[in-house]
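The block underneath contains the structure these notes are about, expressed in structure tokens.
Order of the sequence lines fixes the chain letters, A, B, ..., with proteins taken first and strands second; residue numbering starts at 1 for each chain.
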Number of protein chains: 2
Amino acid sequence: MTNHSRAFVALGDPTRQVIFERLARRPMPVGKLAAGLGVTRPAVSQHLKVLKHAGLVTARQEGTRRVYQIDPRGVEAMRTYLDRFWDRALAALKTAAESESDS
Amino acid sequence: MTNHSRAFVALGDPTRQVIFERLARRPMPVGKLAAGLGVTRPAVSQHLKVLKHAGLVTARQEGTRRVYQIDPRGVEAMRTYLDRFWDRALAALKTAAESESDS
DNA sequence: ACTTACGGTAAGTTATGACTAACCATTCAC
DNA sequence: GTGAATGGTTAGTCATAACTTACCGTAAGT
């Protein structure tokens with residue numbers, strides 16, 4: 001599985017979307033992430049592991065805290081992936097428009 | 001759940017990613033999509049239903065065939081969503097770079 | 001009217017992953 | 001050294017969704 005594929009799988013979970021969105025606002029330690037999220041802290045750890053493996057977040061240790069932040073390279077990979085579809089979607093629209101004006 | 005959220009959930013499944021990628025090349029009827037995909041045609045129908053509900057594909061009837069194609073609006077929604085993170089990821093990088101040059 | 005091709009839907013199966021509780025390692029303050 | 005805070009990991013639970021098979025409606029040709 002490619003990394004952009006893994007990234008989409010990672011963000012395919014609603015809880016992980018929320019985690020990612022919160023990290024996008026600012027880097028945050030795990031405990032703080034878990035607070036108010038409605039799931040346990042170990043669950044958050046597991047989600048972060050998936051996001052990290054997908055290249056969407058990075059982690060650094062600050063004393064007892066493990067601070068996570070989003071990784072722009074992962075976001076960029078996803079944007080590049082989507083750009084492919086954008087080009088093609090436009091081409092498909094053009095073709096469809098031409099077909100309709102022909103008929 | 002918002003539509004971009006639903007779109008990410010939709011593309012969070014590897015089979016649906018493959019379906020989406022094949023439709024990105026050109027519009028295609030269900031039966032043709034199912035061929036070579038390794039899952040049954042009803043499974044493909046169910047996946048297409050999810051993609052359609054997420055605003056990522058549209059369908060038109062052509063006689064007995066139901067032809068699906070990708071929907072640029074759905075792709076655009078996802079790109080817009082990712083743009084938010086891109087801006088913030090860059091800002092986070094800047095902040096981190098400044099912190100490192102300070103220390 | 002009959003047959004074939006096409007595809008949506010329902011229902012059943014089951015593997016998977018999101019969740020929890022428990023355990024343990026690391027860091028840091030006292 | 002001790003205790004508290006932090007967080008990764010493991011193992012168990014179970015709801016869900018990805019899959020299949022079966023059914024049925026529609027379109028089109030004969």
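For B/Arg65 and D/dG29, the CZ to P distance is 12 Å, given to the nearest whole Å. Whole-Å rounding puts the B/Ile19 CD1 to D/dC19 P distance at 8 Å. Atom CG in A/Leu33 sits about 10 Å away from atom P in D/dG8, given to the nearest Å. The NZ-P distance, from A/Lys49 to C/dC19, rounds to 16 Å in whole Å. Separating the CD atom of A/Gln61 from the C1' atom of D/dG8 is a distance of 10 Å, rounded to the nearest angstrom. Whole-Å rounding puts the A/Leu48 CG to D/dG7 P distance at 10 Å. Atom-to-atom, NE2 of A/His47 to C1' of C/dT20 comes out at 12 Å; the value is rounded to the nearest Å.
Using a 4.0 Å heavy-atom criterion, one finds that B/Pro29 contacts the sugar-phosphate atoms exclusively. If you check every strand for non-hydrogen atoms under 4.0 Å, B/Arg41 touches a base.
The phosphate of C/dT4 has neither OP1 nor OP2 within less than 4.0 Å of any side-chain N or O from B/Thr64.
Ranking C/dT9, C/dA18, D/dT20 by closeness to the A/Arg16 side chain, first place goes to C/dA18. Of the listed nucleotides (C/dG8, D/dA18, C/dT20), C/dG8 has the atom at the smallest distance from the side chain of B/Ser45.
Residue A/Gln46 places a side-chain atom within donor-acceptor reach of the base of C/dT20, judged by atom type and a 3.5 Å distance cut-off alone.
Residue A/Leu23 forms a side chain to side chain contact (heavy atoms under 4.5 Å, CB included) with just one option from A/Asp71, A/Ile70, A/Val67, A/Val18, and that option is A/Ile70.
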Stepwise, does the salt bridge (Lys or Arg N to Asp or Glu O under 4.0 Å) test hold for B/Glu76 with B/Arg79?
CA-CA 5 Å; B/Glu76 176 67 7; B/Arg79 279 173 34 128; 3.7 Å; yes
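Rounding to the nearest 0.5 Å places CD of A/Gln17 at 10.0 Å from CG of A/Leu51.
A 4.5 Å side-chain heavy-atom check between B/Lys32 and B/Tyr68 finds every atom pair outside the cut-off.
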